[in-house]
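For reference, the structure is listed below as structure tokens.
Below, all heavy atoms of this structure are taken into account, side chains as well, without hydrogens, waters or symmetry copies. By convention in this document, chain letters (A, B, ...) are assigned in the order of the sequence lines, proteins followed by strands, and residues within each chain are numbered from 1.
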4 protein chains.
Amino acid sequence: MSFNSFGRVFRFTTWGESHGPALGAVVDGCPPGLALSEADIQPFLNKRRPGTSRFTTQRQEPDAVKILSGVFEGRTTGTPISLMIENVDQRSKDYSDVAKAYRPGHADYSYDAKYGFRDYRGGGRSSARETAARVAAGAVARAVMPEVQIMAYVAEIGGDAIDPNNFEALQIDKNPFFCPDEAAAGRWEKIVDAARKEGSSLGAVIECVATGVAPGWGAPIYAKLDSELASAMMSINAVKGVEIGAGFGAARLRGEENADRMRPSAEGSNQPEFLANNGGGIAGGISTGQPVLVRVAFKPTSSILTPVETITRDGEATDIVTKGRHDPCVGIRGAPVVEAMMALVLADQKLLHRAQCG
Amino acid sequence: MSFNSFGRVFRFTTWGESHGPALGAVVDGCPPGLALSEADIQPFLNKRRPGTSRFTTQRQEPDAVKILSGVFEGRTTGTPISLMIENVDQRSKDYSDVAKAYRPGHADYSYDAKYGFRDYRGGGRSSARETAARVAAGAVARAVMPEVQIMAYVAEIGGDAIDPNNFEALQIDKNPFFCPDEAAAGRWEKIVDAARKEGSSLGAVIECVATGVAPGWGAPIYAKLDSELASAMMSINAVKGVEIGAGFGAARLRGEENADRMRPSAEGSNQPEFLANNGGGIAGGISTGQPVLVRVAFKPTSSILTPVETITRDGEATDIVTKGRHDPCVGIRGAPVVEAMMALVLADQKLLHRAQCG
Amino acid sequence: MSFNSFGRVFRFTTWGESHGPALGAVVDGCPPGLALSEADIQPFLNKRRPGTSRFTTQRQEPDAVKILSGVFEGRTTGTPISLMIENVDQRSKDYSDVAKAYRPGHADYSYDAKYGFRDYRGGGRSSARETAARVAAGAVARAVMPEVQIMAYVAEIGGDAIDPNNFEALQIDKNPFFCPDEAAAGRWEKIVDAARKEGSSLGAVIECVATGVAPGWGAPIYAKLDSELASAMMSINAVKGVEIGAGFGAARLRGEENADRMRPSAEGSNQPEFLANNGGGIAGGISTGQPVLVRVAFKPTSSILTPVETITRDGEATDIVTKGRHDPCVGIRGAPVVEAMMALVLADQKLLHRAQCG
Amino acid sequence: MSFNSFGRVFRFTTWGESHGPALGAVVDGCPPGLALSEADIQPFLNKRRPGTSRFTTQRQEPDAVKILSGVFEGRTTGTPISLMIENVDQRSKDYSDVAKAYRPGHADYSYDAKYGFRDYRGGGRSSARETAARVAAGAVARAVMPEVQIMAYVAEIGGDAIDPNNFEALQIDKNPFFCPDEAAAGRWEKIVDAARKEGSSLGAVIECVATGVAPGWGAPIYAKLDSELASAMMSINAVKGVEIGAGFGAARLRGEENADRMRPSAEGSNQPEFLANNGGGIAGGISTGQPVLVRVAFKPTSSILTPVETITRDGEATDIVTKGRHDPCVGIRGAPVVEAMMALVLADQKLLHRAQCG
């Protein structure tokens, strides 16, 4: 498997840097005959797009996607779908600070250690702009499984969590935080504003739920559905933790509490009823038909105005301040990215299951 | 990538069921010329071996490994290394309960949903016995990178955590819990005993530290070192959460707190000094030279004596009690498995880095 | 993809050396529920088995296969199928000649150049004994597609070709050459005997036909069915050429001669009638429903009694004579191996097609 | 492995159709720090470019390549290199014939059989225009191994072969046939012209030689260098046969004739001298340090003006004539494509060898 590809049968490859002319994704293995146009993809990119509120970076990018191949007369042909998004607002600025010194928490030092040098303009390949390509690919993945609905939302910012009793799915798209709890969204406005004004940043936790996943997707051992999801989510910029179902909480339950008890199918259903979902819709690496649940931890944005101690490329001590247009909480815009990765994993597993089990 | 293989350049495939004649691993892509014998592998298997204390399953398995190929005159030849472990203590018992009804928390239902039937003897392929094959393969991985030291320990059982101030590495092998905190080990004896006697089970959290990892291992995006580790750890039976470095805690830090500040190299070192390690030794998916830190959540053993509601294969309501010889806390024996997976990921990334960057 | 694995969704990994304790294959991704026992595999191994006539090596190997995993109550479970064949007749001989000097045409020099040393006993991993593992895996592949029939035969030995007008499928198993032309088999007896007595060896060409392959298997570009077959066949020991359909002959046809003209389906068929099969059943990398045709060139056995000039490991000039028990024409026993590789490619492509196209 | 990607560590993915807006390749895993600009790639595309003589299609395509990512300040960064070539001369014509009926020898029927429909404009994804993307990627591969020289030439057209005694490397770029034999080039002018005027087409054989390949590249069994090359070459449009070294000719040699005898290193060399190269520079799947030799058979262009019998999509008998601008001998422009595939395989194997053996 190469470094910039993900997936087994339904597989995508992304390319592009923050300050190059464009970025994109090539989606391979897509089933033929699916209706697909740019209009099916653009809404997902719009959700992730920067510059839409004061709580995200002010970089202005239309993120307009072009389909360059793989679609004929409005339907996928089964050949690779090349998606391209041009970079528009690469502000010409002075990168000499970043070129000379390492921003802690960023990939500056590790890229230099690995490759000997780096494209320092806007973080180069390590920029979160790469995630636009995933979101575009994710829209194709959704077309592969219209029976599956995917919803991600921000569950916590700066340690302030939503109240599950206030959960309203319709709220998610009504505030700039993808927050399902109206009251929490109100509080977050204040704390994100404060962090931004203080030249600081905040972390976040995102939850994602996929419903409509048939039982049987995934595979034992190294293609476990949980394993694939963990890999997918941990590949997103700034992510440092992944939980499936009860996650770390499961480590604090007793066996009889954690067991997702089963009852006979309700009338009209061909699937058993589960009395709980601590497993996050997965048992032994294979979907159970319950909603697939993932929680993802985003660290606070590393690019902050507060000076932090660091060293130069020559090894000299210095302090660095990261100017520029940065998200005060990069996790917020992570919600559409988490949704995309969920879709990309599930579409691949759907096809893989079909391969083996017909 | 196939279902039962892991790795890119240094790659292993495992096979075998709980109650088959044997299980094993085939390790491919191993560098030639490394000293390797069964005696190099057996100690790691012995750490994971069941039946060594009353806190693990009483199944008696010598887990004696045989090298069937890939080693000549005590050195690896560069060709596939086939490792086999015979199953010895497959107690002949009555599996009719498990064959007929689904154990909640187990893969019984999901395997049936996927494959149409299952090998119900001892969980078949979903049994934690599969992890013996990983531990054997992990020992080969260690030989690939003698400069790296890997240490995993249990940090929490049933919600009772170690006190970091009491951390003593030498304690880890002195108690049946791989616990670095003597006091905690004492408490755990009581709570694990109690759970076992009550026919219940407990979850656990394992921490793993790898030191000696050179800066530059890993790759951007879909081969991020964090992503590979997440995939590897989440593939272990009963694991439901993975954190790198500060993990979910990072989501509650501010940008300036989370940044791992850098200072010039100490005398005699060619690597910068970092003032913290919230990143877990990884930035932008690439190692920084700091210790690589992973935390892994194990759910409580699903096989318990307490009856739980479930359904039969025919969809009828019933209760199930899982008799047999089970670990009251499957996380305990997870420590050597987590170590093995850390080794397997790092060895692969070492070679992959060498491929691309020389 | 690792070095000793083949396939995408239906994938196998082989291991083992000529003079190790055993060799084997792990077959991953096999559909569940297929009837499979050792008795389904053994007949194919028996066809390839050495020592059955004076025209093959006199090494006596029962090549008895054991299924170690992945089958429960006579059916495949969908988990990895581990197949093992013990080496029995590893004659204890003096390998000092081969250890010290390089046999031209063999992998001796190239293995040393790559790995720094080699297992010189019987050729180690480069021995054609590895192909026993493929034949075993190939038997599993056949179970995946009972609708496909595969037949390989020797079409040429030492430049003496069969006469297509004498082709009788029933002859193939009636002579020690897998020869469909009784007259040719008679001639070959003499020329192979002569070569053997002269301490020389002969090459061969094998043809393989698969019927019952549905239209639509394969994929454009890098997973073309022709490309997969070429890779599979060229991975067999001693193979140096592969043709699909008319092969090199197609390069000498004119466009209108080479075109496989099409006519409407015959009554009762849902597939068009083709008036020729120069394409070997494949167009644009995808099967057409016609028989899939492959031709494979085997070089003469490199282990011969005739002395040939070579060098020692220290670079000194010498002559080498390869004693031991060798096939005077290694291509003969290639027929069951070619069949196995055809089966392994087709089974994989069948599942891959199902993944993408349902 | 996905359908439109090739390679293991150095890996590329192509996308695009004959009549879409553009086509391209994404090259992943390229070592960092290599000098690379569009000017390094364009000359190879120019060699393959159509419309440069009357012996190739008259479609006018500048095939100007753009590097969209992965290069910074003139050097590769180690991140994916996205290469794009715009389609310019997609002549608006009437495709109704091709849309309704199947061209024998083309992928029309097999694509329909697989995907249910197809992009019929200019062959869509099955068009040889895809090979432009390979040639661009191949130029990057060359940068990975400046020590290797690769030369492909046409050795035979319509059954008329070059005379090895007339071989002059400098001739290759002096005629429109990539022909190293001036006399043959003269003859080919006439036969290709005649075929073109008769509305027919011719096949060709291409030979390719890579010198400077160090001993040790490749791997036993399923990553054999011969196997990789066979797969790579057979993936090129219209290719139906591949030979390594003596190829099918080896099947007609005796063991002592076929053996590439070895003599001590010449003074100043650290590699043995070989007295022949029937193995094509490969033994046991691993390079020997000799030139790597491949022969590739191209069938005649299937798009011809001569009417051929076929059927419509509805299964009715008809005749088809393929108008449009087609190569009378598609093999001619195959030479730069074969070179590119040789480069892509070797670069990958160089890095893979470095991964395992340092």
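- Pairing each heavy atom of A/V9 with each of C/A355, the nearest pair is CG1-CB, 3.7 Å.
- In terms of heavy-atom pairs under 4.5 Å with chain C, the best-connected choice from A/C357, A/P220, A/A219 is A/C357.
- Within a 6.0 Å sphere centred on NZ of C/K47, other residues, nucleotides and ligands contribute more than 12 heavy atoms.
- Across all their heavy atoms, A/R354 and C/Q356 have their closest contact at NH2-O, 3.3 Å.
- Applying the salt bridge (charged side-chain N to carboxylate O under 4.0 Å, His left out) test to A/R134 and every residue at least two apart in sequence or in another chain returns A/E130.
- Atom CG in A/L351 sits 13.0 Å away from atom CG in C/L351 (nearest 0.5 Å).
- Residues satisfying the salt bridge (charged side-chain N to carboxylate O under 4.0 Å, His left out) criterion with A/E243, sequence neighbours excluded, are A/R295.
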